[in-house]
Each structure stands twice: as structure tokens, then as C-alpha cells.
Asker: 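Sharing a structure, written as C-alpha cells. Questions coming.
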Amino acid sequence: GENVEQHPSTLSVQEGDSAVIKCTYSDSASNYFPWYKQELGKRPQLIIDIRSNVGEKKDQRIAVTLNKTAKHFSLHITETQPEDSAVYFCAASRASGTYKYIFGTGTRLKVLA
Amino acid sequence: NAGVTQTPKFRVLKTGQSMTLLCAQDMNHEYMYWYRQDPGMGLRLIHYSVGEGTTAKGEVPDGYNVSRLKKQNFLLGLESAAPSQTSVYFCASSYSRTGTGGKETQYFGPGTRLLVL
């Protein structure tokens, strides 16, 4: 079946350093890739997304890159801050029909002050 | 707007008991989804609905039933709870025909923590 692999499962960085989380998807028809941030005990919240007609998208300290050929996409967080500490989930979706998501298993990011 | 809300926030059940989780959204979304979240396994889709009166199975539907009698509500039922159903349950919704923003973005409720003893 379709799946999304996400790595690493945990990531610790020093405050101010960059963090990169990588995902690989199996369904070549996927064309929408959101990233969600989930703080402890809270709901997942969308932080950035990218569609397959775009290779890169930035929003302040956060960027996402997409390599359709390799079926990889990555989240990049620069100048990390303690409030970036959370679990991050990637997902892949065919942006049509049911708009179902297949989620990765999550990355726990710890930003050390 | 309240967005997506879920009732209850927390519940303890004994094996074999039944319960219904309620999800409500006020964004006029067509699509609604139920997920379960377990440590190390991300979010897995249980059932979903693409409109009032419709439901369909997701990745892990066994032991659950759903109904969408009204567009704004999506109910998840456990007929005979099992310890394996201990989890955090999230509801999400997406796709407004009349609203702005992407059709694809799913908005999540605050979750229901369920413990089955």
C-alpha cells in the first residue's frame, strides 16, 4: 500500500542551528505535501505545504523542498528556537477526490538552549 | 468560529463498553476524517466522509463505525471497546466549496484521549 517514510524519528539541535527532516513517499500520483507541527498535548497544526508544481517554498525560517523524481521532500528550519521543539509530521496526498493524507511517523525535534 | 471541536476530551472505558465520539466543524467543510494517534505510528486514518450521508473506510477501520447525518458533524462509534483501541483520536475537516484557501488543507480538532481498561 501507499506509505510515507520519515527520518529521523528524533532530532536534537542547539538553539540557532538548522534542522532538516526528510520524507519519502511511494504513491507517484501524490501532488500535495503538507507539514504539521504538534506540540505536547495539542492538535497538529499546518506550518507549510507544497504542491508538486513547485520545487521549493519558504515562509520566514521554514522552507520545504520537493524532488518529484526521487519522491523526496524535506522540511528545513533555520535559526532554531526553543519554541520550535515539537513533533513534526509530513504527509502526502493526491489533491483531488477524497484528499486523503498518508502521514509519516513523525520527528520529535528538541532545540537545546 | 470555533473551527473543529471534539467531545469528550478524555474518557475511560472498560473492555466491552461502547461509546460515541463527536466531531463538529463550523467551517462548512465537505470532507471530514477520523484518525487515531499512537506513539511511534503517526496519524492513521480510521474512516472518512466526503459529504453528508457518505462514509468510507480508511487504513484501520476495524472495530469502529461512523455516521455523518449532518454536514457539520461526524460521529465515531466503538461498539465493543478493546484495550487495543486505547489511543488519542483526532478529527479533521477540509474543503469548503465557498471558502478561501486550499481545498487540500485539513484542520484538526483538539483530540479525545481514550483509555480502555
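These numbers come from the heavy atoms of this one structure, side chains and all, not from hydrogens, waters or symmetry mates. Remember, predicted model here, so these are calculated numbers, not experimental data. Below, chain A is the first sequence line, B the second, and so on; all start at residue 1.
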Asker: Need one label for B/Gln37: side chain, backbone, both or neither, based on atoms under 4.5 Å from any heavy atom in chain A.
Answerer: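 Only the side chain of B/Gln37 comes within 4.5 Å of chain A.
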Asker: Is it the backbone or the side chain of A/Pro44 that comes under 4.5 Å from a heavy atom of chain B, or both, or neither?
Answerer: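 Answer is both: backbone and side chain atoms of A/Pro44 are under 4.5 Å from chain B.
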Asker: For the residue pair B/Ser87 and B/Asp38, confirm or rule out a side-chain donor-acceptor distance under 3.5 Å.
Answerer: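 Per modelled atom types, B/Ser87 and B/Asp38 side chains form a pair under 3.5 Å.
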Asker: For A/Glu5, is there an ion pair with A/Lys22 - N to carboxylate O distance below 4.0 angstrom?
Answerer: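 A/Glu5 and A/Lys22: not salt-bridged.
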Asker: Output yes when A/Asp84 and A/Arg61 qualify as a salt bridge under the 4.0 Å nitrogen-oxygen rule, no when they do not.
Answerer: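 Yes, this pair counts.
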Asker: Would B/Tyr48 and B/Phe74 count as a close aromatic pair, with their ring centres under 6.0 Å?
Answerer: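 So the answer is no for these two rings.
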Asker: Sort B/Leu43 into side chain, backbone, both or neither according to what part of it lies under 4.5 angstrom from a heavy atom of chain A.
Answerer: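 Both parts, backbone and side chain.
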Asker: Between B/Thr54 and B/Glu52, does a side chain to side chain contact (heavy atoms under 4.5 Å, CB included) hold up when you go through it step by step?
Answerer: CA-CA 6 Å; B/Thr54 75; B/Glu52 182 178 315; over 6 Å; no
Asker: Would you please classify the geometry between the A/Phe33 ring and the A/Tyr25 ring as parallel, tilted or perpendicular, with 30° and 60° separating the classes?
Answerer: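 Taking A/Phe33 first and then A/Tyr25, their aromatic rings sit tilted (interplane angle of 30° to 60°).
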Asker: Could you list which of residues 108-117 of chain B have a heavy atom closer than 4.5 Å to any heavy atom of chain A, in residue-number order?
Answerer: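 If one takes a 4.5 Å heavy-atom cut-off, the residues of residues 108-117 of chain B near chain A are B/Phe108, B/Gly109, B/Pro110.
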Asker: Give a yes or no answer on whether the side chain of A/Lys110 reaches the backbone of A/Ser12 with a donor-acceptor pair at less than 3.5 Å.
Answerer: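 Here the side-chain-to-backbone pair does not exist.
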Asker: Applying ring-ring contact (aromatic ring centres under 6.0 Å, His included) to A/Tyr101 and B/Tyr33, what does each step give before you reach the verdict?
Answerer: CA-CA 10 Å; A/Tyr101 288 3; B/Tyr33 311 85; 7.0 Å; no
Asker: In terms of heavy-atom proximity below 4.5 Å to chain B, should A/Gln38 be classed as side chain, backbone, both, or neither?
Answerer: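 Just the side chain, heavy atoms under 4.5 Å.
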